[in-house]
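Every chain is numbered from 1 and lettered A, B, ... according to where its sequence line falls, protein lines coming before strand lines.
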Amino acid sequence: MRPGQPEALQQPYDPARIEARWYPVWEGQGVFRPRPTGKPPFVIMIPPPNVTGSLTMGHVLGESIRDLVVRWQRMEGRETLWVPGMDHAGIATQNVVEKSLRERGVSRQDLGREGFLREVWAWKEQYGGLILQQLRRLGVSADWERERFTLDEGYSRAVLLVFQKLHEKGLVYRGHRIVNWCPRCQTALSDEEVDHVETEGSLWYIRYPIKGSEKTITVATTRPETMLGDTGVAVAPRDRRYAHLIGKTAVLPLLRREIPIVADELVDPKFGTGAVKITPAHDPNDFVMGERHDLPRVVVMDERGVMNDNAGDFRGLDRFAARERVIEALRDAGYLERVEPHRYAVGRCERCDTVIEPYLSLQWFVRMAPLAAAALEAAKKGHVKFYPSRWKKVYLHWMENIRDWCISRQLWWGHRIPVWYRGEEMVVSAERPAGEGWTQDEDVLDTWFSSWLWPFATLGWPEKTADLERFYPNTLMVTGSDIIFFWVARMIMAGYEFMGEAPFPHVFFTSIIRDAEGRKMSKSLGNSPEPLAMMDRFGADAVRFTMIYLTPTGQDLLFDEKRVETGKFFANKVWNAARLVSLRLGDEDLGKVREASLTLTLADRWILSRFAHAVKNTTRYLKTYRFNEAANTLYHFTWNEYCDWYLEMAKPRWGFDDAQTDLAPERIEDRRAARWVAWKVLDGILRLLHPFMPFVSEEIWQALPHDGELLATAPWPRAKSAWLDPDAEHQIAFVMELVVAVRNLRAENGIPPGKRVPVIVRGSAEQLDLVERLAGQIRPLARIEALTIARDGSRPAVAASAVVKGAEVFLPLEGLVDLDEERARLAREAARLMGDLESVKKKLRNQDFLDKARPEVVEKERARLVALEETLAKLNRAQESLRAVQS
RNA sequence: GGGCGAUUAGCUCAGCUGGUAGAGCACUUGCUCGACAAGCAAGGGGUCACUGGUUCAAGUCCAGUAUCGCCCACCA
């Protein structure tokens, strides 16, 4: 315990100075390490950012929320673990490094696999993990000693072992399938990595001659260039129009290949002509039909999307150029019947936006349905809960319709598939098989095939480590809904498969950040604010607080840089309040003061009661993941109750001069109470604030009398029920209304703020007692010169007046004020109340209301009626008394 | 084609289990009164998208409509 060090709180508030100071202290003292406390551990994991990544506003929001929760739980006395780390991000990283190589005129093929991987690792050492530095700047309290990377040695072993185990169970298989192929990245992709974009295209109608007939059959297609790979034509089985053609042979235009006409239920007779070309090597549906009818698969383009030898004269053309030329050729030869505009969804690579080619190739897959069973049940039974809950439905729908996962990628950067070939032999094993002559599969695994193990592989799995034992399952997953399938769903599946239980009981989905116009943040639009620049401008505390304060639960967040002022201004407010308090604390060590030794005033009891509410509500909102509400509660309590009212009411009790020794003993005692309460509540505010604004709260806390080493490890405040004081709250509410009424009378009557005015109050004995007791606080708040308590019921002849909870406040005018203005004001006020009165009367005349509404509701309306009538009567009297007076 | 979400003050959004519409920003007026102009005080501004229903009572519950947005989907 140290006495206050007010000199530490310098004006102005300077976030840059403060924020450089505390992170090394926390880290140095091991605050971020889990330390057993006897309570169950709280475990959270970072969704590993790409190793190439740089901090975005999306990260800032997510990390702010994660750190908010972790810091709060740490203060609640839980043993906390936050595991940080990075994802090797196969395609993204390989793209970045290839691009930088290209600038040097080098391709990855030039370097060869080994050489290229050396380049990527070197690149990773130099530039990778920048984002982790940025996270420190933001203040995240992760345990850096447990930092993991998905390509770490141990983590890699886990990935390969998972492949091996799934293969042993028959859940990993290899096969020729139509996959999503990106001709630019030149790799297969999973369904989730393809974005479907609605596109204006055309539907081309092409005549295929029937062999041995003058007739033709017309098919409709959006991809005419693939007709070069057609090996059949299909019609619906019960389509009368085409029944006679089933079993006949069509002649493929341009190539003159003879292809059968078959019946297949996949054909929708209502679409196009009801006849469809079958291209088994270039369309997933056609692949299925091709299998059913035993049709050959003719691949007509290569992995770059360039037409190959099977494309005849079109060989060497890019697929889109080929489309034009095929159309031309068909038109010239009279095969093109017509063209219709057609809207359809085009698949695009989520990484590079290239149009995806459904492409026949040999790939590795995970059979997902068996893995989905447990994950499905977990959500249905509530073992895993989603916040907001509507994501459950989305999750279930995906799980129920799950499809096999293509996990092989034709890349070099990643976990190389642990499959070994020697002649006809094939071995699947995490370890290289013994003996000579084995060659490993060339492909690597999908990045998500490693990140789906994150909740346990980071803790040492497959080894039975102490961490794994202690920290699995994790406690909470906080992430974006955009990766619910990529990551969340798969983590749950992997959790059940390899650990036998869900990886976490709760998943909280953060908002998606958009710009002020509602557009997605993107580099090309240039609408993505630079978080580091914002932290430099406003401070990390301000950025964190603002993001949490603004984030709506379950909605997108429309973000505008200017909004960060909210956080900065709030930090400044707290800073200055702390300055005020620290300057008036005196020399006594307040930490040693016992509350019972103090004589608390009504104002003291009021703020302690309000503080207890604030603690209760802030904590409740955190527990229910309503983070914005938590921030909001704290903001308004601090600013509008503690600063605007309590500190203002405390000022006169403090006085200015500590050295003043000739005070009456009761004044000294009162000053002591005011000091203690102001400090106590501020201390509590700082504790509540710390998870939101760790830097400034720690800085201030250290400058005030405090208990313990660091705020970061100080206990979270409890809402003391002994502090709840409804009586004090009612009474102070009256006083506040009274003050506002006087201020309002002054403002409306144009009385200069500097001018002190006399005020007369009439009211019930209780009200007048209260006013008398608090006169010392009321006078400065309302800038009152003389406060007259009219116990004799007398009233001034000429005055501006207002009614507050039945009490009357008079501001004698003495020719200061425009009487017409005051008359108009009273008339407006009376009219407003008349309106309210009418609606209350109407309600009370309604027999149904009286019979059916809950008694306390009816009682409330009755009380309101009485109060309104009383107030109106007093207003009327005030109007009358002014009527007689000359302006 | 299916599903989800949104529609409340000029802007961005709160409003939990139905009981006198709130905040921040912006706006108006006035303030250098010994924490804070990054501030203080006082104000103006809303038929809660529309239509119907349930109810004594609907921003809140139900149904439908409209507009916007998102996700999923093998109609070529």
C71(B) phosphate, OP1 or OP2, under 4.0 Å from H196(A) side-chain N/O: no

- prompt: Picking from A73(B), A35(B), C36(B), which would you name as closest to the side chain of C643(A)?
  reply: A35(B)

- request: State whether the distance check finds a donor on one side and an acceptor on the other, under 3.5 Å, for side chain E648(A) versus base A35(B).
  value: yes

Sugar-phosphate only, base, or nothing, as touched by F570(A) at under 4.0 Å among non-hydrogen atoms: nothing

query: At under 4.0 Å between heavy atoms, what does H342(A) touch on the DNA or RNA strands: base, sugar-phosphate, or nothing?
result: sugar-phosphate

- prompt: Does the side chain of K651(A) get closer than 4.0 angstrom to OP1 or OP2 of A35(B) through an N or O atom?
  reply: yes

query: Does the C36(B) base have a donor-acceptor partner in the side chain of K573(A) within less than 3.5 Å?
result: yes

Between protein and nucleotides 43-47 of chain B, what N or O pairs are separated by less than 3.5 Å?
| from | atom 1 | to | atom 2 | distance (Å) |
| --- | --- | --- | --- | --- |
| G43(B) | OP1 | N744(A) | ND2 | 2.5 |

query: NA contact type, R864(A), heavy-atom cut-off 4.0 Å: base, sugar-phosphate, or nothing?
result: base

field: Closest listed nucleotide, where the reference is the side chain of R579(A) and the choices are C25(B), A35(B), A38(B)
entry: A35(B)

- request: Kindly say if R854(A) contacts the phosphate of G18(B), meaning a side-chain N or O under 4.0 Å from OP1 or OP2.
  value: no

- prompt: Across the strands shown, which category fits R403(A) at heavy-atom distances under 4.0 angstrom: base, sugar-phosphate, nothing?
  reply: sugar-phosphate

- request: Select base, sugar-phosphate, or nothing to describe what R783(A) touches, counting heavy atoms under 4.0 Å on all strands.
  value: base

query: Do any side-chain nitrogens or oxygens of K568(A) fall under 4.0 Å of OP1 or OP2 in A38(B)?
result: no

task: Name the closest nucleotide to the R743(A) side chain, picking from A35(B), A76(B), A42(B).
output: A42(B)

- request: Report yes if the side chains of D644(A) and W639(A) come closer than 4.5 Å at any heavy-atom pair, otherwise no.
  value: yes

message: Considering every strand and a 4.0 Å limit on heavy-atom distances, what is the contact class for K842(A): base, sugar-phosphate, or nothing?
response: nothing

- prompt: Given G15(B), is OP1 or OP2 found less than 4.0 Å from the side-chain N or O atoms of R626(A)?
  reply: yes

task: Classify the nucleic acid contact of W204(A) as base, sugar-phosphate or nothing, counting any heavy atom under 4.0 Å across all strands shown.
output: nothing

task: Look at all strands and tell whether D268(A) reaches a base, only sugar-phosphate, or nothing, counting heavy atoms closer than 4.0 Å.
output: base

task: Looking at every strand, decide which applies to P552(A) at a 4.0 Å heavy-atom threshold: base, sugar-phosphate, or nothing.
output: sugar-phosphate

- request: Could you run through RNA chain B and flag its stems, i.e. three or more consecutive Watson-Crick or G-U pairs with both distances under 3.5 Å?
  value: B:1-7 with B:66-72, B:10-13 with B:22-25, B:27-31 with B:39-43, B:49-53 with B:61-65

- request: Would you indicate, yes or no, if A35(B) has its OP1 or OP2 atom less than 4.0 angstrom from a side-chain nitrogen or oxygen of R584(A)?
  value: yes

- request: Report yes if a side-chain nitrogen or oxygen of W645(A) is closer than 4.0 Å to either non-bridging phosphate oxygen (OP1 or OP2) of A41(B); otherwise report no.
  value: no

